[in-house]
Amino acid sequence: MCEIRDTTNKKDDIIRFRIQNLKGDYKMSESTNFIHAIIEKDLENKTYGDQVCTRFPPEPNGYLHIGHAKSICLNFGTAQKYHGKCNLRFDDTNPVKEDVEYVDSIKGDVEWLGFKWDNLFFASDYFQKMYECATELVKKGKAYVCDLTADEIKAYRGSLTQPGKHSPFRDRSIAENLELFEKMKNGEFNDGDKVLRAKIDMGSPNINMRDPVIYRISNADHHNTGDQWCIYPMYDYAHPIEDAIEGITHSICTLEFEDHRPLYDWVLAQLEWPQPPQQIEFARLNITNMLMSKRYLKALVDNGQVSGWDDPRMPTLVGLRRRGYTPGAIRDFCDRIGVSKSNSTVDIAMLEHCIREDLQTQVESKMVVLNPLKVTITNYPEGQVEEVEVENSKEDETKGNRMVKFSKHLFVEQEDFMLAPSKGYFRLFKGNEVRFKGAYFLTCQDFVLDDGGNVVELLCTYDPKTKSGSGFSERKVKGTIHWVDGSSAAKIKVRAYSYLMVENENGETIFNEDSVKEYQALGEESIKGASPEDRFQFFRHGYYIADAFETNASEKVFNQIVDLKSSWKK
RNA sequence: UGGGGUAUAGCCAAGCGGUAAGGCAACGGACUCUGACUCCGUUAUUCGAAGGUUCAAAUCCUUCUACCCUAGCCA
């Protein structure tokens, strides 16, 4: 029988990032769906006793993306909801595509999302059992060795509208099939010479039932079993057996496998498996401005259009992680989008809402000026520096306050000044008064232009009576803006992102050639203490994370996680 | 042209014969030392279409339409 190994999460699994689960322990949502309805009926009818067992079965041939997160949340979440079990199983039946690099990253991603598997299995653990089952099928006259080439099999299969034809090898004797299959296993043939096929119905309207190939020869090195095998089971044959061995009750997969379900059921029926698991299909995740195809993502990486699988713009879990998304936000997103059988495309605004909501109460805020514009306070003493008190979080008073340096020479955002203010603009313009966050009211008295007519400096006056916290209430200003002190400011690098994929005028989703904007920004002094993966709200801008790899003691690089919403339209 | 699926608001999505939940987005307004947050309000006389059954239909029946999946020795 199969050997079962490594049944617990290992502490020393490769974890490239410090795990920061801002939302704390996972709480299963109250939400329900059609799969839960099926399970509840099964529980009621005691179809599988009172057991619920699911699994997340990725093939270790690439990095996980947010579409996989939907499946992970569904499978693990469902098991939690019904006090059942959920396995992580690597569906590694095709050695030429798979690699340990991917099994390590997948384990890391599942853990990062906050789930713990009850068992960790490999489909390859069951190769011996699968071989025995195949032999049993042969003995029952339900499988045969076929010598047709791949092209011939294709031709014999018929088409969508034409039935298939019987293979000339279909009526080989059981004894001959047994002998041939064993020779296949023993490496007596070359790749492609022979296959084992299920004997079902070449006239079936369902093409999957037209004597599907269930074993092929592949003299390839397998990441788990090495050269132990040279025949490998096909998905349609292997998957039901994997599920059945593990005692899976509900085998949840995506819609494109609906047509394979009769074959899934057929395999277990021939093997007379008691209480066979049932396959249930749901619609895979699509999100606007995101492309989840593994092939396409790989092309982006290979072409150098992104920096790697963990580029902050990528929909991969490692990418989202580097971008600053929290596991809690992703889980919340998966809960909110629901589970159904209709193909749909979720608005990316939903995802953005989830990360804003998660970060809002968790993160401290800092003042950062992306495009600095010099401000001189003409009536403030040269050389004087005072410290003003600013709250770390408007949402959470327990986060306390910090002191921020204020002096005659400051910087504000270029966007916060207009030469000719448009209607409704209430930031800086000549003659207007605004509050500098945490400090004073300042009035813009004049501005300085360079030779090109660009505004290079603002000359302002401040009103000492208006200091924050003084209780001053004689007059109000509409605008409050952020600023940094000129002499103590930290030079930091900030990257803001727009969508990697955008829709063109024909409604096609295309690669956005210009999705990164880099700023040489100025941050308040305290940001010099930021560590890799620290998240902040940049006041009036959005949420940012110190890049995991590029931030160190001397250099600070921030990635924009998501901007703040704004109802200001110029 | 076979077979298998799916259609409820701009986007997700409940609903399972008793008179259209919720979220996101949008739009008003209140509040605001973040044009954020929060709060309050608005947004489907109608459920892909047309018939039928019923006192009553998004839900049942019939026909039709659109879209998705499917002819790997991939998963």
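Letters A, B, ... mirror the listed sequences (proteins, then strands); counts begin at 1. Because the structure is predicted, anything quoted here is derived from the model rather than measured.
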Just how far, in rounded Å, is C1' of B:rA13 from NZ of A:K70? 11 Å

Starting from P on B:rC12, measure out to CG on A:N286 and report it in whole angstrom. 9 Å

For A:H223 and A:D99, which I'm curious about, is there any donor-acceptor pair between the side chains at under 3.5 Å? no

Donor-acceptor pair, side chain of A:R55 and main chain of A:I248, under 3.5 angstrom: no

Using a 4.0 Å heavy-atom cut-off to protein, can you give one letter per nucleotide of nucleotides 66-75 of chain B, 5' to 3': B if the base is in contact, S if only the sugar-phosphate is, - if neither? --SBBBSBBB

When you check every protein heavy atom under 4.0 Å of nucleotides 22-31 of chain B, what one-letter string (B, S, -) results, 5' to 3'? -BSSSS----

Under-4.0 Å side-chain N/O to phosphate OP1/OP2 contact, [X] with [N]:
X      : N      : answer
A:R540 : B:rG35 : yes
A:S340 : B:rA13 : yes
A:S567 : B:rA36 : yes
A:S342 : B:rA13 : yes

My understanding is that a pair needs two contacts under 3.5 Å, Watson-Crick or G-U wobble. By that rule, which nucleotide pairs with [N]?
N      : value
B:rA49 : B:rU63
B:rC55 : B:rG18
B:rC27 : B:rG41

Between B:rC31 and B:rA36 - C1' atom distance, rounded Å: 13 Å

